[in-house]
Amino acid sequence: MTVAQIQVDQRVIGIDSRRFASVEKALVELITNSDDSYARLESAGSDVAGKILVGYHRHHTGAVLMVSDQAEGMSFEQAGSIISYGGAHSPLARGEGAGRGYFGRGLKQAIFGLGHGWIETIRDGRFTRIDIFRGKNGGYLYDDDGADRLAFPADFARLGIPDGGNGTKVTIVVDNPHATITQQATLLQLLADNIYLREVLARREVELLHGHPGNEEYSRNIIRFQEPPATTLVGPDQPGSFNVDGAEYAFTVTLKRAQGVELTLKGDERTAGLVVESGMAVLDCQMFEYENQVGTEYLFGTVRCPALTEMLGRGKAIISDEREGLNMKDPFVAAFSHAVSLTVATAVQAEKEKLTHLERATTSGRTAEMIERLLQHMNEAAVLDLGLETAPVVPNGDGPRGPGTPLPAVLRFTTPFYYRPPGHPFHITLLLDPNRLPGSETLEFELGLPSSIGLDPLPASVPVGTLGDTHRLQWTATGEQAGERGEITARAGDYWALCEVVIAEDASRRSPDQPPHQAVAAAGTPPAPHRRVQRASHDHGVDLFTGYDFRNLHNSTDRAVYSEEERKVIINTAAPTVQLYVDGRGRFRDSARLLLAELFLDVISDELARRRVEQRGRSGDLEAFRNAKRTIIGRYGSEVHRTFLG
């Protein structure tokens, strides 16, 4: 047995292992290694099986990964050479311009980052095994048994190699407690979408085996990238070129637009953007000068440029040291990027133009729920907190109270405040005008009462169309325990009313139900002339904010406005700020909820401030309006933002 330490600064191995340690990254490295080996055989004119088997045995606190091929295999000397950190065996280091992975470091990074493992390989009838592990003191070690040996039939069977053939199998035991043990279905999707495997999966037969044969959970799945349904915008393989230092370099571009499918915008599993290929290497996936710009969310495709790996072979800094994509600071890459951007410019601009003329947009269900909750809260705050009169006014002087006065309440309890003693039944009465309620709606009740306050009968939902000439609904209430309180809310469409019930020992046992203010609709009796001045009610109203809409207002000035006729907040899809957060399918991004918070707060505070100064007889007083709006923002601003933060 020969145990030795890997001859490199141990801190460098530790840093790299932590950076690249994940089940997915490890498998990408091993699969591309097998593909490289098949490619070398093909270059020499040999027929290859092209099969790459990926084994994944998942356990509760760990997992075992295995990748095997029937490619070249390695001699004892070759297998030992890969232990040299970033050694000269890398194809790019030899100037071949066909290497991928992590340039001679990925295999060791994967093994040490996930736990420990071993390499088994057969070449020309000789079997080699090298174990890679960490010592008790934390050192990075390997054991190569001191020599190879004759390959036995059991070795061929265990590695899945035909008798007399060559091949390699790498096994990694995931025992790092910080590593994520991915679900099998998730891993299958991650590998299928991984940009660095995109071409390998099309060229080779890569299969994921989960569990052990004969077990109930055992499964085999071909790993394939499924390109979404799409329309071709550029290409396929449209030629282009760029010049650097007097030399011309060629590339081809294929650009498509996905139809009816959401694309992934970031990460190694990114499905939006142009996959940059060079030879057999995938170097990046991005949109170059249009990266992260509006209109590119549903664009994808491929750029092929053989010169990129040629430059890598010459030692040019084409990609970052961390293997995070193209290095845009390099002059060669900058010229390439600009040329590709010019090639796709017309198509990208056309996608951006679609958003400029976008008439409607939508939000996710979660965002819509947040907005609905916010609007309901601000509707109640307008009446309960700010004392605003939200009922429609009498038009053109018609009606018993003259022009500009609110119409009688459509829904209202006889008193907003029932202050009653324990053990004494009392009536709770709701007055309503069925002729003005929306006939298609339902009169519904929300009870916020403790169990000690009972209602007989319990309020039940009633279709407005069945109310007929009913102008009042009444219930008998009894409170058993002093100090208890609760609320009852009635709602039909945009109309609502509420009352509070308080049970108190000092409440009068003779308190009658107080007659309602504005009870004209219910009782049919006009009020006395001296009650012409209306006071703001805090117990009923009409929703000021019934909803919202993303709509093109055909101007770029207003980001959002209030439609008094519709009682809606309108978000202007023609505003440049809004367009930045609307994707190519007309969906407002959830990541931009804080912008929505800002827009809703501005529109709502503006409308509430306007109504407040008008109600106080100071309409047109700009300073009063500004002060009112400032006060409302200070009072409700943090609540609005917290709503959109979930």
Side-chain angles (χ1 to χ4, degrees), residues 32 35-36 38-40 42-45 86-106 195-200 202-203 232-256 268 270 272-293 296 299-349:
T32 53
D35 182 52
D36 285 338
Y38 279 126
R40 287 189 290 269
E42 290 171 331
S43 297
H89 67 281
S90 169
L92 285 174
R94 295 196 299 265
E96 295 177 4
R100 293 167 297 173
Y102 299 114
F103 310 112
R105 293 149 48 190
I195 60 172
Y196 298 108
L197 295 181
R198 200 70 55 83
E199 287 300 301
V200 177
R203 187 171 54 250
T232 301
L233 305 178
V234 177
D237 295 323
Q238 179 169 314
S241 65
F242 60 101
N243 288 278
V244 178
D245 297 331
E248 185 175 9
Y249 301 91
F251 64 86
T252 62
V253 178
T254 300
L255 180 67
K256 300 181 180 181
D268 288 353
R270 176 173 178 169
L274 295 169
V275 177
V276 182
E277 299 177 6
S278 186
M280 290 175 54
V282 173
L283 303 178
D284 204 348
C285 182
Q286 57 167 286
M287 281 303 299
F288 298 93
E289 294 177 7
Y290 299 106
E291 181 74 355
N292 297 322
Q293 289 196 21
T296 62
L299 302 183
F300 70 98
T302 307
V303 180
R304 293 183 173 90
C305 181
L308 289 171
T309 48
E310 179 186 336
M311 293 298 116
L312 277 172
R314 296 180 188 177
K316 299 287 186 180
I318 298 301
I319 64 173
S320 66
D321 290 338
E322 290 77 20
R323 189 63 164 82
E324 293 178 345
L326 293 173
N327 175 17
M328 290 300 174
K329 296 181 180 179
D330 180 82
F332 189 89
V333 174
F336 167 66
S337 172
H338 184 64
V340 173
S341 300
L342 289 176
T343 304
V344 301
T346 301
V348 173
Q349 190 60 39

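As a basis for the values below, the full set of heavy atoms in this structure was taken, side chains included, without hydrogen atoms, waters or symmetry mates.
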*Looking only at non-hydrogen atoms, find the nearest pair between A281 and T309 and report the distance.*
CB-CG2, 3.8 Å

*What's the spacing between M311 CE and D330 CG if we round to 0.5 Å?*
9.5 Å

*To the nearest 0.5 Å, tell me how far F336 CZ sits from L308 CG.*
5.0 Å

*Would you please name every residue forming a side-chain hydrogen bond (donor to acceptor under 3.5 Å, both in side chains) with S241, sequence neighbours left out?*
E248

_When you measure from the side chain of T343 to the backbone of A339, do you find a donor-acceptor pair of N or O atoms at a distance under 3.5 Å?_
yes

*Are L299 and Y290 close enough that some pair of their side-chain heavy atoms sits under 4.5 Å apart?*
no

*Are the side chains of R198 and T302 in touch, meaning some heavy atoms are under 4.5 Å apart?*
no

*Mind checking the CD-CE spacing from E291 to M328? Nearest 0.5 Å is all I need.*
8.0 Å

_So, taking the atom named CD1 in I195 and the one named CG in D268, what distance separates them when rounded to the nearest 0.5 Å?_
5.5 Å

_On a heavy-atom basis, which atom in C305 and which in S278 lie closest, and how many Å separate them?_
O-OG, 2.6 Å

*asked:* What's the separation between atom CD1 in I318 and atom CG in N327, rounded to the nearest 0.5 Å?
replied: 7.5 Å

_If I compare all heavy atoms of R203 with all of M280, which pair ends up nearest, and what's the gap?_
NH2-CE, 3.9 Å

*asked:* Please check: side-chain N/O of T252 versus main-chain N/O of P239, any donor-acceptor pairing under 3.5 Å?
replied: no

*Identify the two heavy atoms, one from F300 and one from A272, that lie closest to each other, and give their separation to 0.1 Å.*
CB-CA, 4.2 Å

_Given 3.5 Å as the limit, does a donor-acceptor pair link the side chain of D35 with the main chain of V200, or not?_
no

*Within the side chain of S337, is there an N or O that forms a donor-acceptor pair under 3.5 Å with the backbone of V333?*
no

*Hey, can you tell me if F242 and F251 have their rings parallel, tilted or perpendicular (30° and 60° cut-offs)?*
tilted

_If you compare all heavy atoms of C285 against all heavy atoms of V275, which two are closest, and at what distance to 0.1 Å?_
SG-CG2, 3.9 Å

*Could you tell me the separation between the CD atom of Q238 and the CG atom of L233, rounded to the nearest 0.5 Å?*
11.0 Å

*Could you tell me whether D245 atom CG has more than 12 heavy atoms of other residues or ligands within 6.0 Å of it?*
no

*What heavy-atom pair brings L326 and D284 nearest, and what distance separates the two atoms?*
N-OD2, 2.9 Å

*ring-ring contact (aromatic ring centres under 6.0 Å, His included) against Y38, all qualifying residues, sequence neighbours excluded*: none

*Check whether any side-chain heavy atom of V340 lies under 4.5 Å from a side-chain heavy atom of V276, and answer yes or no.*
no

